[in-house]
Amino acid sequence: MKKVHIKSFGCQMNVYDGQRMADILGEQGFEETATPEGADLILLNTCHIRDRAVQKVYTELGKLRDIKNSQKAEGQDTRIIVAGCVAQAEGAEIQRRQPAVDLVVGPQAYHRLPELLEQARARRVVDTDLPIDDKFGHLPAPRPQAIRQRGISAFVTVQEGCDKFCAFCVVPYTRGAEFSRPVAQIMAEIERLAASGVQDVTLIGQNVNAYHGEGPDGRIWGLARLMHRVAEVPGIARIRYTTSHPRDMDDDLIAAHRDLPQVMPFLHLPVQAGSDRILAAMNRKHSAEDYRRLIDRIRQARPDIALSSDFIVGFPGETDADFEDTIRLVDEIGFASSYSFKYSPRPGTPAAELDDAVPAAVMDERLHRLQARIEHHRQAFNHAMVGRTVDVLLERAGRHPGQLAGKSPYLQAVQIETETNQIGELVQVVIERAGSNSLFGRKAEATGAAAGKPSSEDIAA
Ligand code: 5AD
Ligand code: SF4
């Protein structure tokens with residue numbers, strides 16, 4: 001069998017796309033391999049969100065060229081594909097900077113991989129169309145064996161692209177306009193995953209809660225309605241969704257956190273900044289106060305919900321006072337976890353044209369302070385779990401023999417010592433200790449929970 005090595009950078013959608021490309025190439029007789037050495041085909045699935053992510057791709061491509069050359073000296077042909085958002089944004093520029101690349105394929109064109117690979121035998125090929133035709137309708141269904149290999153958690157893309165146009169963000173240009181998959185297509189994929197043992201699904205989209213897909217009744221369904229349907233699939237014990245925009249958290253979606261036990265009490269809801277002046281300059285379409293009120297409403301529906309956010313520091317024109325507003329918001333909300341980034345100007349975005357850049361040293365200092373606050377709240381959240389009993393879905397072997405690892409409803413990594421439990425079981429765990437990245441616990445004495453049935457602990461605050 002021919003071998004393909006796939007390396008994905010960036011977000012969860014790239015992980016999902018990487019798996020779909022593995023499925024397509026699987027049908028072409030390619031088997032996945034964990035290392036680039038020895039592979040016939042090497043696929044980099046790239047991220048364009050910040051400049052550093054792009055630099056990483058070019059560094060990686062330099063290494064792959066060397067592998068390609070040394071394999072050629074031994075008589076093995078190696079072809080290099082660049083996919084994902086750098087492919088979309090840079091197109092033929094990639095092959096100019098790194099001529100070892102055979103094929104550049106954008107995120108909306110990868111269902112055509114077999115024919116593009118064929119064309120790339122004769123010449124270098126670039127396909128970065130953003131067509132309206134349905135890529136998803138052309139993807140092969142993953143084989144049960146491939147699903148089982150990937151484990152009991154799976155991502156499912158339900159929505160792609162973004163119409164929000166935050167001033168700093170490349171996504172509306174690299175992934176294109178919002179597109180929602182039809183409900184029936186999504187359900188077929190989830191049912192297939194569940195039939196092969198998947199219990200935990202994360203519905204993904206760049207702006208997932210703007211989902212508006214065609215329902216089986218011919219009407220447009222929102223994300224909440226879709227999740228009600230997903231919750232009916234036998235075997236699906238846990239549902240999450242990411243990434244959401246505050247403007248699209250509608251009442252039905254908030255109510256789903258109260259009404260559906262399968263919807264996990266965790267929500268990634270980026271706010272980006274705490275200053276209204278900066279939020280307006282970012283074109284976020286919400287104020288800090290809007291966000292606070294929204295969080296209050298979500299907590300009324302689901303008091304124990306764990307929240308996470310993304311933050312950008314050093315957006316052009318950000319003053320010390322603006323930054324203090326961000327710190328205040330972080331301290332008020334008390335996020336369970338968060339990502340934070342230094343602003344990175346992206347060519348083609350409106351913010352790249354702005355003056356008033358924040359000096360690098362100031363950005364560093366702000367990022368450092370913000371990350372310290374985020375870490376403080378993360379630790380506080382984790383330590384507050386000690387002594388509580390939570391449901392843990394066991395997903396894999398732990399770090400040491402005799403340990404199994406899984407996730408809490410709040411997306412925390414949990415390790416337990418056990419001889420008997422099997423991967424795929426939902427067990428109740430008494431949390432005994434909070435480490436810096438994982439919680440540690442033991443199985444509760446009386447385990448009432450059966451796989452597929454979240455216990456009342458899931459809902460208790
Ligand atoms: N600079 C820094 N961070 C960015 N993000 C998106 N674009 C930029 C940029 N130009 C961050 C946002 C977003 C996350 C995925 O990446 O916080 O939510
Ligand atoms: Fe980018 Fe804003 Fe769309 Fe998120 S909502 S993908 S940050 S433009």
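Model, not experiment: these values are computed from the prediction. Both ligands and their constituent atoms are indexed starting at 1 by order of listing.
- Taking a cut-off of under 4.0 Å to the non-hydrogen atoms of His245, the atoms of ligand 2 that pass are 5 (S).
- In summary, the atoms of ligand 2 found under 4.0 Å from a heavy atom of Cys166, numbered by their order in the structure, are 2 (Fe), 5 (S), 7 (S), 8 (S).
- The closest protein non-hydrogen atom to atom 4 (Fe) of ligand 2 is Gln206 O, 4.4 Å.
- Residue Arg346 has no N or O atom closer than 3.5 Å to an N or O atom of ligand 1.
- Annotation for Asp17 and Lys135: closest pair OD1-NZ, 4.4 Å, computed over non-hydrogen atoms.
- Here the protein heavy atom with the shortest distance to atom 1 (Fe) of ligand 2 is Cys169 SG, 2.2 Å.
- Under 4.0 Å from ligand 1, the heavy atoms of Lys342 that appear belong solely to its backbone.
- Ligand-side atoms of ligand 2 in range of Val171: 6 (S), range being under 4.0 angstrom from any heavy atom.
- In summary, of the residues considered (Asp320, Thr319, Thr326), a side chain to side chain contact (heavy atoms under 4.5 Å, CB included) with Asp322 occurs for Thr319 alone.
- Contacts between Phe168 and ligand 1 below 4.0 angstrom, taking non-hydrogen atoms only, involve backbone and side chain alike.
- Taking every heavy atom of Phe168 and a limit of under 4.0 angstrom, the matching atoms of ligand 2 come to 7 (S).
- For ligand 2 and Pro172, the ligand atoms under 4.0 Å from any heavy atom of the residue are 8 (S).
- In this pair, Phe335 and Phe311 present their aromatic rings perpendicular. The plane angle is above 60°, beyond the 30 to 60° band.
- Note on Asp252 versus Arg225: no salt bridge recorded, every NZ/NE/NH1/NH2 to OD/OE distance being 4.0 Å or above.
- A cation-pi arrangement is not found for Arg20 relative to Tyr110, the charged atom failing to lie both closer than 6.0 Å to the ring centre and inside a 45° cone about the ring normal.
- For Phe323 and Phe315, the ring centers sit 6.0 Å or farther from each other.
- Ligand-side atoms of ligand 1 in range of Gln272: 12 (C), 13 (C), 17 (O), 18 (O), range being under 4.0 angstrom from any heavy atom.
- Heavy-atom contacts of Phe165 reach the following atoms of ligand 2: 8 (S) (cutoff under 4.0 Å).
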